[in-house]
Q: 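Can you read through this structure? Questions will come right after.
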Amino acid sequence: MVQIPRGTRDFVPEEMQKRRYLQQRMEATFRGYGYGEIQTPTFETLELFTAKSGASIIDELYNFKDKGGRELALRPELTAPVIRCYIERLQMAPKPLKLFYFGNCFRYDRPQKGRYREFWQAGCELIGTDTPEAHAELVALAYTILKNIGLQNIVLNIGNLHVISAMFEKLRITDAVKKDLLTFIDKSQYEDLNSALRSNDISQQDTEAFLEILQTPDLDKIMNYVHGHERAHTELTRLRGVMDLLKTSFGIPDPRVKIGIVRGLDYYKGLVFEIEAPVLGAEKQLCGGGDYELVSLFGGTQVPQAGFAIGFDRALLALETEQFTFPQPSLDVFIVPVTETTIPMALSVASQLRAQGLTVDLDLLRRGIGKSLKYAAAQHARFAVIIGPKEQEEGKVTLRNMIDGSQSSCAVADLTAAVFT
RNA sequence: GCCCGAGUAGUGUAGCUUGGUAACAUAUAGGACUGUGGAUCCUCUGUGCCGGGUUCAAAUCCCGGCUCGGGCCCCA
């Protein structure tokens, strides 16, 4: 038997119903914040992705040569393609530019729960502003999207990469060592970090202070720790501004400062944030984003950029884990021709109702009334329309309310009105 | 790419240790119900991931592959 490729999935109607629901809710929220949709190709030149991450990235993506010998790759994420498009076509667009997207992405990873080789991302890019209110609105948007799809329990963490750099400077840690330490910080492996710092001749006292600052949500403590470092001070002041806006103006109850947020990316600079769903366990991160610099790397004129991406599949998984009840697709009318002779009339009634914009299905298996009504119930039909010889003679139909079981005789012309009430 | 575990009707499971005709529930289709639904009963259809080995005989034991899941690596 031919089977589906590793790490990919089919989505049957029941699953697509949930996915579309999710996408529509997300889209409505993006639009509510003034964002416009953008779509880029499924594959790009390989160079677009190696430019910022180096050749080592090739191990993790699907790349190939086309028949003209071009080196191409299936997109592993959407920020780089969107920025490429911005440089090609949107540099002169009025600022700030707000772009959102949905798209499938591909990574050559080992699949696990919540991790697939083809997965979907929802995300956005905000180009041309980096005021605290712009950053606060961006973070609020990410948070609001996840809340609006119905998630109950999510955690928002906000950090700043300039600050953590300042912390490393303070300890005089070299870039080579820093890289190893960042791995521990990223994974919150503080005991390993502790040993690593100690073995790099950092005193016990300094190590403890460093570890405390990484984990504390207290901005004053952090401010105090990097006292005298001008850049860090500026960034922390901005961060305080963003936090205040999130709490007061955007009404987000519990944004947390976590200076230990690292993000795996090289191109983030200042603000970084993550949103996770604790219910998901190991693969709990739902969203990541921040302030970054890609436009100039790709040859465009420098401009402030920030954005985030939401793991669409994980967001859905989190909702399901929280036992969210998704809206069920329902049918307005299911038509039951009682005998073969009434099939033409049934079809014609179906056409008329469909032309009115109703969703209509009818028995195509020539089943009995009992089985047909059972099928109609399984499709969550709101009404059944029964057409037998009696009804046909009178030019009427029997309208059955599937919710309460009540029945009445109804002229075809009055059906639409009856169903809409 | 590495280590570990699992794969039996569409779905969920039993049988595997100790090899001997593959079962149950549910879902689908038909019928009981000659014109009224989520109930009940009956009937049909449908199953050993793939390939090899051992054996008179393999769902069961062995090897390889594939897929899924847990842990590494990675997560731009």
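Order of the sequence lines fixes the chain letters, A, B, ..., with proteins taken first and strands second; residue numbering starts at 1 for each chain.
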Q: For the pair made of CG in A:Asp313 and P in B:C68, what is the distance, rounded to whole Å?
A: 14 Å
Q: Is the backbone N or O of A:Leu331 less than 3.5 Å from a side-chain atom of A:Gln379, with the two atoms forming a donor-acceptor pair by type?
A: no
Q: Look only at the side chain of A:Lys98 and the backbone of A:Glu125, and say whether a donor-acceptor pair between them is shorter than 3.5 Å.
A: no
Q: Would you say NZ of A:Lys113 has more than 12 non-hydrogen atoms from neighbouring residues, nucleotides or ligands within 6.0 angstrom?
A: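 No, the 6.0 Å shell around NZ holds no more than 12 heavy atoms from other groups.
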Q: Ring pair (Phe, Tyr, Trp, His ring centres under 6.0 Å): which pairs involve residues 147-174 of chain A, sequence neighbours left out?
A: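 Output for this query lists A:Phe168-A:Phe210.
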Q: Determine which nucleotide pairs with B:G19, using a 3.5 Å limit on both distances of a Watson-Crick or G-U wobble pair.
A: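 In the structure as shown, B:G19 has no Watson-Crick or wobble partner.
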Q: Could you give the distance separating B:C33 and B:U26 at their C1' atoms, to the nearest angstrom?
A: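 Between the two C1' atoms, the distance is 23 Å.
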Q: Who does B:G51 pair with, Watson-Crick or G-U, both distances under 3.5 Å?
A: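 Partner of B:G51: B:C63.
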Q: Donor-acceptor pair, A:Lys371 side chain versus A:Ile369 backbone, under 3.5 Å?
A: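 Looks like no, no N/O pair under 3.5 Å.
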Q: So what's B:G69 paired with, Watson-Crick or G-U wobble, going by both distances under 3.5 Å?
A: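 Partner of B:G69: B:C4.
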Q: Look at the side chain of A:Asp404 and the backbone N and O of A:Ser406, then say whether any donor-acceptor pair between them is shorter than 3.5 Å.
A: yes
Q: Examine distances only and state if a side-chain atom of A:Arg382 and a backbone atom of A:Val419 form a donor-acceptor pair shorter than 3.5 Å.
A: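 It does hold such a pair.
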Q: Find the distance A:Phe119:CZ to B:C74:C1' and express it as a whole number of Å.
A: 13 Å
Q: Please find out if less than 6.0 Å separates the ring center of A:Phe30 from that of A:Phe100.
A: yes
Q: Is it the case that the side chain of A:Gln305 and the backbone of A:Val303 share a donor-acceptor pair, with hydrogens and angles ignored and the cut-off at 3.5 Å?
A: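 Side chain of A:Gln305 to backbone of A:Val303, a donor-acceptor pair under 3.5 Å: yes, one is there.
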Q: Identify, with sequence neighbours excluded, every residue that meets ring-ring contact (aromatic ring centres under 6.0 Å, His included) alongside A:Tyr292.
A: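 In terms of ring-ring contact (aromatic ring centres under 6.0 Å, His included), with neighbours along the sequence ignored, A:Tyr292 is linked to A:Tyr267.
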Q: List in numerical order all residues of residues 321-329 of chain A for which some heavy atom is under 4.0 Å away from an atom belonging to RNA chain B.
A: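 Residues of residues 321-329 of chain A that come under 4.0 Å of RNA chain B do not exist, since none gets that close.
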Q: Could you work out the separation of B:A29 and B:A9 based on their C1' atoms and round it to a whole Å?
A: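 Going atom to atom, C1' in each nucleotide, I get 15 Å.
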Q: Ignoring hydrogens and geometry, is there a side-chain-to-backbone donor-acceptor pair from A:Arg75 to A:Pro41 under 3.5 Å?
A: yes
Q: Taking atom P in both B:C49 and B:G12, compute the distance separating them and give it to the nearest angstrom.
A: 14 Å
Q: What's the gap between B:U60 and B:A27 when it is taken at their P atoms, as a whole Å value?
A: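 Straight-line distance between the two P atoms is 31 Å.
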Q: Examine the side chains of A:Tyr225 and A:Thr216 and answer whether a donor and an acceptor come within less than 3.5 Å of each other.
A: no
Q: Rounded to whole Å, please give me the gap between CD in A:Gln112 and C1' in B:U67.
A: 15 Å
Q: Going by purine N1 to pyrimidine N3 plus the second Watson-Crick contact, or the G-U wobble pair, all under 3.5 Å, which nucleotide sits opposite B:A14?
A: none
Q: Using the closest heavy atom to pick a nucleotide of RNA chain B for each, name whichever of A:Asp109 or A:Thr8 lands nearer the 5' end.
A: A:Thr8
Q: Extract from the structure each pairing of a protein N or O with an N or O of nucleotides 64-66 of chain B at less than 3.5 Å, listing the distance.
A:
from, atom 1, to, atom 2, distance (Å)
B:C66, O2', A:Gln3, NE2, 2.6

Q: Now, which nucleotide makes the Watson-Crick or G-U wobble pair with B:A29, with each of the two distances under 3.5 Å?
A: B:U43
Q: Could you tell me how far B:G64 sits from B:C24 if I compare only their C1' atoms? Round to whole Å.
A: 33 Å
Q: Can you tell me how far C1' in B:A22 sits from the matching atom in B:U40, rounded to whole Å?
A: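 These two C1' atoms come out 28 Å apart once rounded.
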Q: Rounded to whole angstrom units, what separation is found between the CD atom of A:Glu77 and the C1' atom of B:C74?
A: 15 Å
Q: What string of B, S and - do you get for nucleotides 27-38 of chain B, 5' to 3', when a contact is any protein heavy atom under 4.0 Å?
A: --SBB---BBBB
Q: Reckon A:Gly7 touches a base, only the sugar-phosphate, or nothing at all at heavy-atom distances under 4.0 Å?
A: sugar-phosphate
Q: Could you tell me how far B:U21 sits from B:A58 if I compare only their C1' atoms? Round to whole Å.
A: 14 Å
Q: Going by heavy atoms in the side chains, are A:Phe326 and A:Gln17 under 4.5 Å from each other?
A: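 Sidechains of A:Gln17 and A:Phe326: no contact.
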Q: Sort out the partner of B:U34 for me: Watson-Crick or G-U wobble, both distances under 3.5 Å, none otherwise.
A: none
Q: Find every protein N or O atom lying less than 3.5 Å from an N or O atom of nucleotides 3-10 of chain B, and list the pairs.
A:
none

Q: When you measure from the side chain of A:Asp332 to the backbone of A:Thr359, do you find a donor-acceptor pair of N or O atoms at a distance under 3.5 Å?
A: yes
Q: Centroid separation under 6.0 Å, is that true for the rings of A:Phe64 and A:Tyr62?
A: no
